[in-house]
Amino acid sequence: MADTNVPVIRTDIPHSARIWNYWMGGNDNYEIDQIAGDAGLAVDPEIATMASQSRQFLIRAVRFLSEERGIRQFLDIGTGLPTMQNTHEVAQSVNPDARIVYVDNDPLVLTHARALLTSTTPEGVTTYIDADFHEPEQIVADARNVLNFNEPIAVMFMGVLGHARTYEDLLRIVRTVIDAVPSGSHLIMWDGTDDSQAYVTLCENYTGTGGTPYIPRPQAQIRAVFDGLEMVEPGFTSITQWRPEGIARKAISAYGAVARKP
Ligand SMILES: C[S@@+](CC[C@H](N)C(=O)[O-])C[C@H]1O[C@@H](n2cnc3c(N)ncnc32)[C@H](O)[C@@H]1O
């Protein structure tokens with residue numbers, strides 16, 4: 001009998017996480033995703049830059065917290081498909097005993113995560129929670145089985161909060177997780193903003209395909225997610241300009257920051 005728990009991978013319809021992977025330069029995508037991805041690029045040529053630069057921001061932020069703030073625990077919510085330099089690879093390359101919990105609610109991501117998101121060191125821990133971030137209490141409860149909530153944790157929402165159903169949900173989700181972690185924990189977050197009409201149109205088109213809507217929000221709303229936290233320099237900025245390590249890049253409509261819970 002067929003195992004109904006094994007998600008069917010459809011290669012005849014495009015899939016958002018695979019399109020994102022394609023824009024990022026990854027290999028976990030099919031021709032159908034490349035066609036949809038190219039159609040997206042025709043609407044918003046900046047989207048591939050956003051995808052690839054978001055990964056560079058993740059790498060810089062995780063390395064910074066690992067090296068300079070001694071963070072050894074990461075809760076990466078909305079993991080996406082494994083691609084180059086995932087959170088656990090960056091964190092465990094600095095601190096081999098780093099513990100990483102990934103969270104996503106997509107069956108395809110789950111399949112890939114089981115195969116690819118495994119620790120790169122014997123002393124490290126990498127696990128995956130299959131959960132919807134609209135239920136943050138559940139995520140915290142499950143993460144407590146792996147992470148020590150008496151020690152600082154980096155909470156990550158990397159280009160995922162546009163999927164929150166409402167802005168009130170978005171704030172509640174982040175606040176619930178941040179309230180659960182101790183002082184010295186950090187929030188790494190970025191999201192697409194509505195200051196590019198091309199990006200807004202791209203998101204509207206995507207919603208029209210029946211995919212989970214992605215809502216670009218004003219910069220001020222994204223900035224407000226960090227209220228009550230201490231900004232790490234340079235503060236809230238285009239992700240291309242967050243500690244750019246000497247490389248001058250233009251701003252894009254993707255804004256974020258790293259901040260510490262006092
Ligand atoms: C644009 S991808 C971002 C991937 C990754 N964070 C990165 O930086 O490359 C958005 C991810 O959010 C996940 N996602 C969307 N809605 C979600 C929800 N309600 N709960 C958990 N994950 C969700 C999707 O499955 C997808 O993997």
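Both ligands and their constituent atoms are indexed starting at 1 by order of listing. Starting from 1, each residue takes its place in the sequence as its number.
A donor-acceptor contact under 3.5 angstrom links the side chains of Q138 and D142, judged on distance only.
Atom 5 (C) of ligand 1 has its closest protein heavy atom at T79 O, 3.1 Å. In terms of protein heavy-atom proximity, atom 15 (C) of ligand 1 is nearest to H163 CD2, 3.2 Å. With respect to atom 19 (N) of ligand 1, the closest heavy atom belonging to the protein is D132 OD1, 2.8 Å. The single protein non-hydrogen atom nearest to atom 22 (N) of ligand 1 is N105 OD1, 3.4 Å, given as residue, atom name and distance. Looking only at heavy atoms of the protein, atom 6 (N) of ligand 1 is closest to G78 O, 2.6 Å.
The closest approach between a heavy atom of T212 and any atom of ligand 1 is not below 4.0 Å.
Residue contact check: G159 has heavy atoms under 4.0 Å from atoms 1 (C), 3 (C), 10 (C) of ligand 1. Per-residue contacts place H134 under 4.0 angstrom from the following atoms of ligand 1 (heavy atoms of the residue considered): 19 (N). Residue G80 approaches ligand 1 through these ligand atoms, each under 4.0 Å from one of its heavy atoms: 4 (C), 27 (O). Listed by number with element, the atoms of ligand 1 under 4.0 angstrom from any heavy atom of A131 are 20 (N), 21 (C).
In summary, the aromatic rings of F236 and Y255 are positioned with their centroids under 6.0 Å apart. Annotation: H88 is in aromatic contact with Y102 [ring centroid separation under 6.0 Å].
With a 4.0 Å cut-off on non-hydrogen atoms, V160 touches ligand 1 through its side chain and not its backbone. Heavy atoms from both the backbone and the side chain of F133 come within less than 4.0 Å of ligand 1. Contact annotation for M24 and ligand 1: only side-chain heavy atoms (C-beta onward) come within less than 4.0 Å of the ligand.
At a 3.5 angstrom cut-off on N or O pairs, D104 counts as close to ligand 1.
At least one donor-acceptor pair closer than 3.5 Å links the side chain of H186 to the backbone N or O of G184. Using modelled atom types, one side-chain atom of Q92 and one backbone atom of A98 make a donor-acceptor pair closer than 3.5 Å.
Taking all heavy atoms of H112, R55, M158 into account, the minimum distance to atom 9 (O) of ligand 1 is reached by R55.
Seen from the ring of F64, R243 counts as a face-on cation partner, given the 6.0 Å and 45° thresholds.
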